[in-house]
Amino acid sequence: MFNVFDPAQLAHAPIRELHNGEWVAHVETPVRAENIVAAIGVVAPARDFGVAPILAVHDAGYVEFLRTAFGRWQADGRSGEAIGYAFPVVARREIRLDRIDALLGRYSYDAATPIGAGTWTAAYAGAQTALSALQPLLAAEERHAFALCRPPGHHAGRDYLGGYSYLNNAAIAAEAATRVGRRVAILDVDYHHGNGTQDIFLHRGDVFFASIHADPATDYPFYWGHADETGTGDGRGATVNLPLPHGTGIDAYRVALDGALARIDAFAPDMLVVSFGADTFEGDPISHFGIRTADYRMLAAVIAGRALPTLIVMEGGYATDALGGNVLSFLRGFSST
Ligand code: OKP
Ligand code: ZN
């Protein structure tokens, strides 16, 4: 296993999020990544592939917004983190927006994803971490690589942030692999539906997306991830959503994983990108599945059994003290094959 981590990702340290009607301490903390590094040991630094592979996935106006939003916020005399409070839920015509609050609403969809002084630096480093971990797979020097990305990315779409996500690390790596001829399937096993990744590839038949997640009827992100979302246009049939109820344990989860992998098998990819969230863990403070630490190793071994070059991209997981052990268990499931 080739592990990549860029410590510049620690620069993002969100303070608070809106949760159950109150401002609470943000759960997506730098110490999450530090605990994972402590558990897995050796990590390679990221290389810098520049902004081009980011712009291959994300809208240029959005990327410019993300890069400049905190400065604009401060220039308007604001303190604290930049966060929107008005969101254009009904698509509006394209007009020039100058007010920082207007831009925040235009490019985001929730109040859980603030922009602070280090957000752009960290998100950029996260994308480079994913691209760096991809390289030894493209060169056939490694079979499995782990991108220790933080903040997560799978809720970020082409032109929006949300769900603690700013740049879609998994999508950026998948697109980069596609552009050098790989046939990529993305398997999202975070507790939450990967709406950003789904949106980015929904209309495309050349990248397969399968997600196992908490039913959006009861869980964030609510508006995406229902079983009848299966792709549009050229992408019809290349999106699979397997929502599961609260209380799902390893047995039902394993059945869903086998189902997702059977669909991926039928697509016949030559590379796999796994969006891995350890928030399916039984002790996760914001989630409701019952996966145990040892289960992650078994689930990973099932995935590794497909014998595909596999990039594992870190997404969520908020039981911070158990996070390192859960990630280590998952990575061991790949190393044992
Ligand atoms: C990011 B990732 C808490 C509900 C959830 C946003 C969750 C983002 C999860 N009020 N809020 O997929 O782990
Ligand atoms: Zn999650």
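Since the model is a prediction, treat every value here as computed from it, not as a measurement. Every number for a ligand or one of its atoms is a count from 1 in the order of the listing. Just so it is clear, the values below take in all heavy atoms, side chains as well, and ignore hydrogens, waters and symmetry mates.
Salt bridge status for Arg72 with Asp76: absent, with no side-chain N to carboxylate O gap under 4.0 Å. Salt bridge absent: Asp270 and Arg183 never bring a charged side-chain N and a carboxylate O closer than 4.0 Å. Classification of Glu175 and Arg204 as a salt-bridged pair holds, one side-chain N sitting under 4.0 Å from a carboxylate O. In summary, Arg96 and Asp98 engage in a salt bridge, as defined by a charged side-chain N under 4.0 Å from a carboxylate O.
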For residues 134-142, tabulate all N or O donor-acceptor pairs below 3.5 Å that involve a side-chain atom, not counting sequence neighbours.
from: Gln135; atom 1: NE2; to: Leu131; atom 2: O; distance (Å): 2.8

Contacts table for residues 300-313: side-chain donor-acceptor under 3.5 angstrom, sequence neighbours left out:
from: Arg306; atom 1: NE; to: Asp265; atom 2: OD1; distance (Å): 3.1
from: Arg306; atom 1: NE; to: Asp265; atom 2: OD2; distance (Å): 3.3
from: Arg306; atom 1: NH2; to: Asp265; atom 2: OD2; distance (Å): 2.8
from: Thr310; atom 1: OG1; to: Leu308; atom 2: O; distance (Å): 2.7

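If you put the vertex on the Zn ion (ligand 2), ND1 of His192 and OD1 of Asp190 sit 110° apart, to the nearest 10°.
Screening residues 101-124 for salt bridge (charged side-chain N to carboxylate O under 4.0 Å, His left out) gives Arg78-Asp101, Glu94-Arg106, Arg99-Asp101, Arg106-Asp159 as the qualifying pairs, with residues at least two apart or on separate chains.
A distance limit of 4.0 angstrom between heavy atoms and ligand 1 selects the residues His19, His154, His155, Gly163, Tyr164, Asp190, His192, Tyr220, Asp279, Gly316, Tyr318.
In summary, Asp279 places an N/O/S atom under 2.8 Å from the Zn ion (ligand 2), meeting the contact criterion. Here His213 fails the criterion, with no N, O or S atom under 2.8 Å of the Zn ion (ligand 2).
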